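Following: one structure in structure tokens, then a few remarks.
Note that this is a predicted model, so its numbers are computed, not measured. Hydrogens, waters and symmetry mates are skipped; everything else that's a heavy atom, side chains included, is used. Residue numbers run from 1 in the order of the sequence given.
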Amino acid sequence: MHVCWTINIITMNNSILPAIPMEPRDPILGITEAFRADENPKKTNLGVGVYYDDDGKVPLLKCVVEAEKLMAAAETPHTYLPIDGIPLYDTAVQNLVFGADNPAVKEKRISTVQAIGGTGALKIGADFLKRFSPDSEVWVSNPSWQNHFALFDYAGFKVNTYPYYDEATHGVNFKGMMDTLGSLKAGSIVLLHACCHNPTGADLTEDQWTEVIDVINKNRLIPFLDMAYQGFSNGIAEDGKVVRRFAETFSKSFSLYGERVGAFSLVASDADESARVLSQLKRVIRTNYSNPPIYGAKIVGTVLSNPELRQMWEDELAEMRERIHVMRHQLVDKLTAKKPGMDFSFITRQAGMFSYSGLNQAQAERLKNEFSIYIVGTGRICVAALNSHNIDYIVDAIAKVL
């Protein structure tokens with residue numbers, strides 16, 4: 001076996017290192033570390049952003065197993081990929097996200113590159129925008145996935161927030177959001193969650209999306225859509241509708257978390273512009289990690305390009321989506337039975353893997369200390385971590401801390 005690797009070493013004098021501060025640990029990873037150290041047999045991690053089946057395990061999808069068999073039989077070498085990734089994968093991504101009949105796809109106006117997960121896709125986009133729109137400011141929903149702030153901050157942007165979550169209604173503060181978007185200057189970058197808002201689970205309605213698109217077009221803002229959970233809300237086509245109306249990762253919907261499979265797409269005005277954009281995206285990738293890995297993207301490309309495997313994946317994804325819906329309703333029903341004077345119906349109106357439960361920091365601490373149930377301090381829980389074996393214990397614990 002031929003192995004080619006490179007080791008890079010930095011040596012520095014002590015004039016810099018003593019002044020480097022300790023970075024606070026990631027809040028989600030910190031929860032996972034504490035959970036692993038907990039010896040309580042009833043411990044439950046509701047802070048993790050991973051899909052689990054009813055047995056509390058990350059599933060290995062049948063479509064993935066079949067794709068791996070086809071790949072093994074082909075006996076292809078593990079050579080370098082093109083900078084923008086596997087062509088089959090990039091094409092399959094465009095067709096899935098935008099629709100094969102989308103005019104932008106047919107006219108070759110979309111530049112798509114394989115990325116190292118959703119984080120890698122965001123990084124590509126952030127670096128590209130910093131190079132060609134360096135004076136722009138970035139606006140992210142309040143709250144949002146914490147890495148959104150860090151990625152754009154490290155790219156050199158000033159990162160601001162626009163109102164999004166309404167604690168009183170457990171829904172979207174749409175007026176506050178629109179007032180802010182309407183006040184932004186041209187060229188501002190607005191990061192939007194296409195579906196399954198992380199961390200709140202509160203999504204915009206179709207009519208609200210129409211108003212958002214209108215103000216973005218009117219004020220000449222730059223929309224940056226993050227779609228990490230396509231298929232987990234209402235369906236593949238339904239969840240992708242917002243992206244199509246404006247004309248990116250499959251680690252989660254294929255349960256390939258460790259393979260870090262994602263994509264970044266940019267819609268241009270014509271094919272020539274798209275080709276020039278692609279050349280610049282390749283430069284961003286080349287200076288970050290040179291070219292992407294093979295295995296995970298090859299699995300996804302194989303599944304999406306094979307009609308039988310594609311249908312198998314859609315069926316399995318539908319089962320995952322339905323299980324999340326069932327757990328949402330069971331959580332609400334059981335909490336209502338324990339606390340009949342309280343309204344938990346907002347949880348069923350939220351979408352995707354997460355829910356802003358309404359629990360506060362003190363209640364989250366009690367859940368951890370008294371019951372070994374781990375959630376994020378903001379009250380965000382992963383609904384996909386609930387199952388028929390742990391839900392009664394969790395509901396009893398939540399009822400006791402409310």
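- Between Glu206 and Lys241, at least one side-chain nitrogen of the basic residue sits less than 4.0 Å from a carboxylate oxygen of the acidic one, meeting the salt-bridge criterion.
- When all heavy atoms of Val242 and Leu225 are compared, the closest pair comes out as CG1-CD2, 3.8 Å.
- Contact between Ser183 and Asn219 at its shortest, heavy atoms only, is N-ND2, 4.5 Å.
- Within a 6.0 Å sphere centred on NZ of Lys338, heavy atoms belonging to other residues, nucleotides or ligands number 12 at most.
- More than 12 non-hydrogen atoms from other residues, nucleotides or ligands lie less than 6.0 angstrom from OH of Tyr393.
- Listed here is the closest heavy atom pair of Ala104 and Val267: CB-CG1, 4.4 Å.
- With hydrogens and angles ignored, the 3.5 Å screen pairs no side-chain donor or acceptor of Asn387 with any backbone N or O of Met327.
- With hydrogens and angles disregarded, no donor-acceptor distance shorter than 3.5 Å links the side chain of Lys158 to the backbone of Glu137.
- Side-chain N or O atoms of Ser144 include none that pairs as donor or acceptor with a backbone N or O of Val140 at under 3.5 Å.
- Residues Tyr164 and His197 place their aromatic rings such that the two centres sit under 6.0 Å apart.
- Counting heavy atoms of neighbouring residues, nucleotides and ligands inside a 6.0 Å radius, atom NZ of Lys42 does not exceed 12 of them.
- When atom types are taken as modelled, the side chain of Asp90 and the backbone of Gln114 share a donor-acceptor pair closer than 3.5 angstrom.
- For the side chain to side chain contact (heavy atoms under 4.5 Å, CB included) criterion with Trp313, the lone passing option out of Val300, Val64, Asn306, Leu61 is Leu61.
- A salt bridge between Asp179 and Lys175 is present, with a side-chain N of the basic residue lying under 4.0 Å from a carboxylate O of the acidic one.
- Taking a cutoff of 4.0 Å between a charged side-chain nitrogen and a carboxylate oxygen, Arg36 and Glu33 do not qualify as a salt bridge.
- Scanning all heavy atoms of the two residues, the minimum distance from Gln208 to Asp203 falls at OE1-O, 4.5 Å.
- Between the side chain of Gln330 and the backbone N or O of Ile391 there is no donor-acceptor pair closer than 3.5 Å.
- With respect to the salt-bridge test (charged N to carboxylate O, under 4.0 angstrom), the residues Asp53 and Arg323 do not qualify.
- Scanning all heavy atoms of the two residues, the minimum distance from Thr79 to Ile294 falls at O-CD1, 3.0 Å.
- Contact between Cys195 and Met227 at its shortest, heavy atoms only, is SG-CG, 4.1 Å.
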